[in-house]
K.L.:
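Take this structure first; my questions come after.
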Amino acid sequence: MFNTRVKVKELLATTPENQEVTVMGWVRTFRNNQFIALNDGSTNNNLQIVVELGSYDENFLKKINTGASLKVTGLLVASLGKGQAVEVKASSVEILGECNPEKYPLQLKNKPSLEYLREIAHLRFRTNTFGAIFRVRHSLSFAIHQFFNERGFVYLHTPIITASDAEGAGETFRVSTLPFDNPPRQENGAIDFKEDFFGRATNLTVSGQLEGELGAMAFSDVYTFGPTFRAENSNTARHLAEFWMIEPEMAFHDLEDNANLAEKFIRYLIKYVMDHNREDLEFLAQRLVEEEKQRPQAERSEMGLIEKLEFVVNNQFERISYTEAIEVLLQSPAYKKKKFQYEVSWGIDMQSEHERYLVEKHFKKPVIVTGYPRDIKAFYMRQNDDGKTVAAMDILVPGIGEIVGGSQREERLEKLETRMKEMNIPVEEMWWYLDTRRFGTVPHAGFGLGFERMMLFVTGMTNIRDVIAFPRTPKSAEF
Ligand code: 4AD
Ligand code: MG
């Protein structure tokens with residue numbers, strides 16, 4: 001029976017009174033045939049187990065290796081050693097699973113690199129760095145639900161398999177059961193998806209937004225939080241082919257309401273993690289300091305991780321229009337010295353280097369940019385009266401660039417239909433979407449927060465592959 005065991009985190013906070021306890025976990029280190037550092041994932045702090053010298057034979061002790069799993073029963077006593085308040089004086093040590101040190105890929109002695117740990121992602125949870133990251137990821141997910149629950153939003157589970165491409169960017173993964181080698185064909189030679197599983201061409205969703213809008217037209221406020229898939233061939237430290245997105249959708253909201261909610265949301269999430277994961281954040285902050293020592297002074301962050309998070313919680317985001325953003329870039333020393341790789345002019349889809357200049361060099365804080373040119377944005381965004389821009393917003397943050405994309409939606413049927421036709425979006429197929437504009441349409445808005453980008457911001461990690469358990473990127477889908 002296992003259920004009398006106590007987790008390490010709880011034991012470390014318990015007053016030692018020689019009470020008998022049972023703990024289970026994995027060996028981090030074993031020193032002097034006497035001191036075991038045991039970890040069970042509940043915290044980065046290990047529990048020290050003291051094995052009385054001479055009470056076990058040598059062959060048994062040889063099996064207590066890094067990575068082996070143990071069940072230990074003993075007395076919880078005050079520790080005489082420094083570094084911990086309590087320890088367990090073992091009366092019985094049982095090896096649940098041995099771990100051959102010759103073969104175990106995770107030797108903690110020489111600090112393994114993040115790149116190496118990605119290759120053994122099935123084991124990296126057992127390191128302090130990934131322990132902290134994934135406990136923060138859990139907390140952040142929980143905080144997301146709490147935020148919306150406190151505000152009366154309905155959590156809508158939007159479908160993973162869809163027949164539409166919400167963003168209209170054509171970067172979807174096909175879902176099909178047709179045989180690849182010999183698919184049924186129409187007379188003109190094109191593949192006949194009528195014969196496919198769903199009787200039509202389908203793909204993995206790129207966004208739950210369109211279905212979210214349907215929900216908002218009844219519940220007023222909904223959100224979806226789930227995996228989304230993009231077959232964009234971007235092999236960067238900020239793109240995944242499978243990532244998680246939080247997408248709220250609110251009826252009776254305009255762009256400003258939308259920006260207000262997004263800003264409040266981000267600040268809330270950061271505060272939640274600062275209040276609930278202090279220990280893990282402090283560990284990650286220290287990790288970042290160490291990592292930045294390897295970089296030239298000019299590339300190091302001006303603030304420590306915790307300082308940065310506090311700054312964001314306590315300061316309003318900057319708000320500017322796209323036109324102003326382009327103006328700032330054109331006036332910048334970086335532009336004048338031709339430091340940007342990509343061109344700058346009104347109408348461009350800002351590149352990450354531009355976004356990062358705005359937040360890191362110019363404003364030095366998160367920035368909400370609104371009013372993008374309509375030609376670079378999706379069909380569903382509400383058209384502004386100037387005929388050139390749409391009621392879009394992106395939130396840019398230091399170290400990352402775009403973290404949120406959102407907009408007020410085009411609620412006027414005629415304008416929406418015209419725009420869809422212009423952009424070759426199949427109007428007939430989207431009859432259900434257009435129905436919301438036919439039957440009681442209302443001004444509404446929403447946004448999408450990239451969950452892993454938020455994780456990067458909160459943990460100070462720099463590669464998106466390190467904040468999702470099993471990253472899917474071009475040419476990589478191991479585990
Ligand atoms: O800007 P995007 O494409 O917006 C949408 O999908 C809208 N339907 C959202 C909405 O209004 N409901 O994506 C939203 C966010 C981006 O700001 C970014 O943080 C993240 O999703 N994102 C990615 N994260 C990781 N890997 C990728 N390939 C990403 N693509 C977008
Ligand atoms: Mg975007």
Side-chain angles (χ1 to χ4, degrees), residues 140 148 153 156 158 162 164-173 204-216 221-250 253 255 257-259 261-262 265-266 269 322 349-352 354-355 359 366-370 372-373 376-382 390-397 399-410 425 433 444-458 461 463-468 471-474 476:
L140 210 48
F148 290 119
F153 281 61
L156 189 69
T158 53
T162 76
S164 59
D165 172 2
E167 294 305 300
E171 294 165 330
T172 60
F173 289 100
L204 295 178
T205 188
V206 296
S207 157
Q209 177 195 322
L210 301 189
E211 290 88 354
E213 286 186 56
L214 311 180
D221 299 324
V222 301
Y223 71 105
T224 180
F225 177 19
T228 49
F229 308 86
R230 297 196 186 177
E232 51 190 334
N233 207 356
S234 309
N235 223 335
T236 80
R238 284 174 202 86
H239 288 87
L240 290 164
E242 176 178 306
F243 65 98
W244 287 63
M245 188 158 46
I246 302 99
E247 294 183 277
E249 192 68 36
M250 297 75 65
H253 270 55
L255 188 64
D257 300 319
N258 200 28
L261 185 79
F265 180 47
I266 290 173
L269 295 182
Y322 169 90
D349 199 358
M350 277 191 272
Q351 299 293 321
S352 161
H354 304 137
E355 298 175 335
V359 285
V367 176
I368 307 182
V369 183
T370 55
Y372 282 79
I376 57 168
K377 290 292 184 186
F379 71 91
Y380 51 70
M381 297 191 179
R382 194 175 198 278
V390 284
M393 67 166 196
D394 275 6
I395 300 184
L396 317 177
V397 298
I400 293 163
E402 178 189 344
I403 196 167
V404 162
S407 69
Q408 186 173 339
R409 317 306 188 190
E410 184 54 84
I425 310 282
Y433 184 68
H444 64 289
F447 62 86
L449 170 68
F451 187 51
E452 285 76 19
R453 295 210 183 155
M454 185 66 190
M455 276 293 295
L456 287 176
F457 189 71
V458 171
M461 299 300 290
N463 193 310
I464 203 161
R465 293 163 182 78
D466 295 331
V467 295
I468 187 165
R472 269 82 183 96
T473 52
S476 165

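Each ligand, and each atom within it, is numbered from 1 in the order the structure gives. All of these numbers come straight from a predicted model, not from anything done at the bench.
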K.L.:
Classify the angle between the aromatic ring planes of Y372 and Y322 as parallel (below 30°), tilted (30 to 60°) or perpendicular (above 60°).
P.N.:
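Tilted, since the angle between the ring planes falls between 30° and 60°.
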K.L.:
Who passes side-chain hydrogen bond (donor to acceptor under 3.5 Å, both in side chains) against Q209, sequence neighbours left out?
P.N.:
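Expected list: E213, Y380.
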K.L.:
Report the distance from atom CE of M250 to atom CG of L261, rounding to the nearest 0.5 Å.
P.N.:
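Taking CE in M250 and CG in L261, the distance rounds to 5.0 Å.
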K.L.:
Hey, which residues fall under 4.0 Å of ligand 1 on heavy atoms?
P.N.:
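Lining ligand 1: E167, S207, Q209, R230, E232, R238, H239, L240, F243, M245, E247, Y380, E402, I403, V404, G405, G406, R409, G446, F447, G448, G450, R453, I464.
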K.L.:
Excluding sequence neighbours, so at least two apart, what forms salt bridge (Lys or Arg N to Asp or Glu O under 4.0 Å) with R230?
P.N.:
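If we apply the salt bridge (Lys or Arg N to Asp or Glu O under 4.0 Å) test to R230, skipping adjacent residues, there are no hits.
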K.L.:
Could you tell me the separation between the CD1 atom of I403 and the CZ atom of R238, rounded to the nearest 0.5 Å?
P.N.:
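CZ of R238 is found 11.0 Å from CD1 of I403.
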K.L.:
How far does CD1 of I395 sit from CZ of F447, to the nearest 0.5 angstrom?
P.N.:
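Here the interatomic distance stands at 7.0 Å.
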K.L.:
Please list, in chain and residue-number order, the protein N/O/S atoms closer than 2.8 Å to the Mg ion (ligand 2).
P.N.:
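The answer, once waters are left aside, is E402 OE2.
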K.L.:
Step by step, work out the side chain to side chain contact (heavy atoms under 4.5 Å, CB included) result for V404 and M393.
P.N.:
CA-CA 8 Å; V404 162; M393 67 166 196; 4.2 Å; yes
K.L.:
Between CD1 of I464 and CZ of F243, what distance do you get to the nearest 0.5 Å?
P.N.:
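CZ of F243 is found 8.5 Å from CD1 of I464.
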K.L.:
For F225 and W244, take the angle between the two ring planes, folded into 0 to 90°, and tell me which bin it lands in: parallel under 30, tilted 30 to 60, perpendicular over 60.
P.N.:
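Ring orientation of F225 relative to W244: perpendicular.
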